[in-house]
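I'd like to ask you about the structure that follows.
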There are 2 protein chains.
Amino acid sequence: MAPPPPSPPPPPRTSAHDREFLRGYDVTQFDRPSVTVDVCVFTVADGDIEVVLVRRREPPFVGAWALPGGFVGIDESLEGAATRKLAEETGIRDIWLEQLYTFGEPSRDPRTRVITVAYYALVPRERLEGQVRAGAGAAETAWFRIVDGRGGRIGLEAREGGERPEMAFDHASIVETAVRRIRGKLEYTTIAFELLPREFTLTELQQVYETILRRRLAKAAFRRKVLSAGVLKEAKGTRRGGHRPAQLYRFVGRGR
Amino acid sequence: MAPPPPSPPPPPRTSAHDREFLRGYDVTQFDRPSVTVDVCVFTVADGDIEVVLVRRREPPFVGAWALPGGFVGIDESLEGAATRKLAEETGIRDIWLEQLYTFGEPSRDPRTRVITVAYYALVPRERLEGQVRAGAGAAETAWFRIVDGRGGRIGLEAREGGERPEMAFDHASIVETAVRRIRGKLEYTTIAFELLPREFTLTELQQVYETILRRRLAKAAFRRKVLSAGVLKEAKGTRRGGHRPAQLYRFVGRGR
DNA sequence: TGAATAGTGTCTATAAGACAATATCCC
DNA sequence: GGGATATTGTCTTATAGACACTATTCA
């Protein structure tokens, strides 16, 4: 092989010509959509997936349940906006967050054209005890169990009385997309660990998988597979509770 | 189980209160980012992945290579905008398209705050012969081979002389994200078939997999797996060429 | 000691990888 | 027939699922 020739220094990101153009650039020359973020925060509790919603106290959809979210600041990153709105409206902070999908049908918001970048978050149940409270723009926050309905639809569990909570905008569709994404990624990523505290037992891990996948897994095979993946490290103690104590593990990812 | 009570009719999507509010709603009360779409069109040719780029003839980044894309119309869906801009700038139309990710770092465009919703598309090589041409806003279009560089980076193949084509904005990062996504989804979806014509041989299918995954696959195992998946139907003819002719297949998905 | 859960061992069925044998075409 | 590729068969190895057995704690 011939040795590679020396590479020239990279050109500047903006040229002098560009800078001149930019001075005369008018951002108002096009009609622009508004951009929001919405966040689906999920946890696993007692064999169910749950999502946190806030009750709207401003139009549109006053009184309906919505995902925490809101407008993106002009100098704010998308993930930054998602983190900020989540903290403002629900008090939840310092959690794992990942972009889900961007929903932009022209009719999805009755006010005007609004494109929303949806995120999903997974959080251990314990982290939330006493932490969730209604903040700015939210009249109330609550957890809703996710259930699988007929026709493969995924939605909120019906209340006593049989009616399902009404969701604002296309947020029901966003939640459904998020649940499908999590189910898909569960098997080839390590997102399950985001739903568990720092230390956990293999049975607790298996319960997370069983809840999200909606089926029982064989215990022996599950343990073999998880342990051979080499992403867990034995922790010091055990979890005790009336029976044989269970070894605690910690997620360490590849290596270490 | 108790029989479910009759469910009340769903409430209207917007209430009278909402409508009154909307009459007075001022969309200009917030600073709004601009929103664009960008499209990564990939094909597989001669053992390489290739992406189509257009040379910019307007600032910023005049002369640099960019993904086909542009501003989203105020009443236009995101996918509609992606389809439209792709046709306008490259002449490519009627192809499979899927949303990739939304890039929104505040500094990613020197003009103003621009959030871009990126899409990726897969198209059979044959479909493009003579179809790709530079259109509105593009000085030139060209195909670039994708190569894996040191440190796990994915980028454009260097030209003769050793320099790599300069890409506008954060488009190099978008292309890299798209290639990773395709590599990941190849194994658990049927996107590979989007890269092949209506009828193809199993060897051609295997070559698509080998190109994208960058490794040789065992022929017997590959055939067993693909055929047992039940998504192919034998087509009428064979592909002839100096050797034993190969059976043609057609992708039919589940069932039929 | 018994109930309950943790953890391990074994057998079988299935799938993946390696390798080779056979089949069919064109020249 | 020879070259080249298509297609199938077989053997080995790895993995998943089912099932049962052992281990440990607390009441």
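Convention: sequence-line order gives letters A, B, ...; per-chain numbering from 1. Atom set for the values below is all heavy atoms of this structure, side chains included, hydrogens, waters and symmetry mates excluded.
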### Query
Near DNA chain D, which residues from residues 234-247 of chain B have a heavy atom under 4.0 Å away?
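Heavy-atom cutoff 4.0 Å gives B:Gly242, B:His243, B:Arg244, B:Pro245, B:Ala246, B:Gln247.
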### Query
Are A:Trp96 and A:Tyr120 near enough that their ring centres are under 6.0 Å apart?
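Aromatic pair counts; centres sit under 6.0 Å.
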### Query
Would you call B:Arg55 and B:Thr141 a side-chain contact if the rule is heavy atoms closer than 4.5 Å?
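No, their side chains stay 4.5 Å or more apart.
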### Query
What's the NZ-P distance between B:Lys225 and C:dA18, to the nearest Å?
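Taking atom P of C:dA18 as the reference, NZ of B:Lys225 is at 14 Å.
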### Message
Can you confirm whether or not the ring centre of B:Phe251 sits under 6.0 Å from the ring centre of B:Tyr249?
### Response
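Centroid distance B:Phe251-B:Tyr249: not below 6.0 Å, so no.
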### Other residues, nucleotides, ligands: >12 heavy atoms within 6.0 Å of A:Arg183 CZ
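Counting other residues, nucleotides and ligands, CZ of A:Arg183 exceeds 12 neighbours.
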#### Entry: Close residues, residues 210-220 of chain B, relative to DNA chain D [heavy-atom separation under 4.0 Å]
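Residues of residues 210-220 of chain B that come under 4.0 Å of DNA chain D are, in numerical order, B:Lys219, B:Ala220.
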### Query
Is the shortest side-chain N to carboxylate O distance from B:Glu210 to B:Arg215 below 4.0 Å?
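No, no charged N to carboxylate O under 4.0 Å.
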### Task
Starting from C1' on C:dA18, measure out to CZ on B:Arg223 and report it in whole angstrom.
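In whole Å, C:dA18 C1' lies 16 Å from B:Arg223 CZ.
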### Message
Just to be sure I understand the rule, does A:Thr201 reach a base, reach only the sugar-phosphate, or reach nothing, if contact means heavy atoms closer than 4.0 Å?
### Response
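Here A:Thr201 touches no strand at all.
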### Query
Taking NZ, NE, NH1 and NH2 as the nitrogens, is one of them in A:Glu50 or A:Arg125 under 4.0 Å from a carboxylate oxygen of the other?
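Looking at A:Arg125 together with A:Glu50, the answer is yes, because their closest N to O distance falls below 4.0 Å.
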### B:Glu105 bridged to B:Arg108 by N-O distance under 4.0 Å
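B:Arg108 and B:Glu105: not salt-bridged.
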### Task
Can you check whether any acceptor in the base of C:dG17 is under 3.5 Å from a donor in the side chain of B:Arg224, or vice versa?
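Yes.
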### Query
Can you check the A:Phe222 CZ to C:dA6 P distance for me, whole Å?
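The answer, rounded to whole Å, is 12 Å.
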### Query
Hey, where on DNA chain D does chain A first and last touch, going 5' to 3'? Cut-off is any atom under 4.0 Å from a heavy atom.
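Counting from the 5' end, contacts occupy D:dA16 to D:dC26.
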### Query
Are the side chain of A:Thr90 and the backbone N or O of A:Ile92 linked by a donor-acceptor pair below 3.5 Å?
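A pair under 3.5 Å: yes.
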### Message
Distance alone, cut at 3.5 Å: any donor-acceptor contact between the side chains of B:Tyr119 and B:Glu98?
### Response
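Side chains of B:Tyr119 and B:Glu98: no pair found under 3.5 Å.
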### Message
Within the 4.0 Å heavy-atom criterion, would you say B:Ser228 contacts the bases, only the backbone, or no part of the nucleic acid?
### Response
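The residue B:Ser228 makes no contact with any strand.
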### Query
Sub-3.5 Å donor-acceptor pair from the side chain of B:Thr201 to the main-chain atoms of B:Ala246, do we have one?
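The answer is no, because no donor-acceptor pair under 3.5 Å joins these two groups.
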### Query
Does a side-chain heavy-atom distance below 4.5 Å link A:Phe200 with A:Leu232?
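Yes, side chains in contact.
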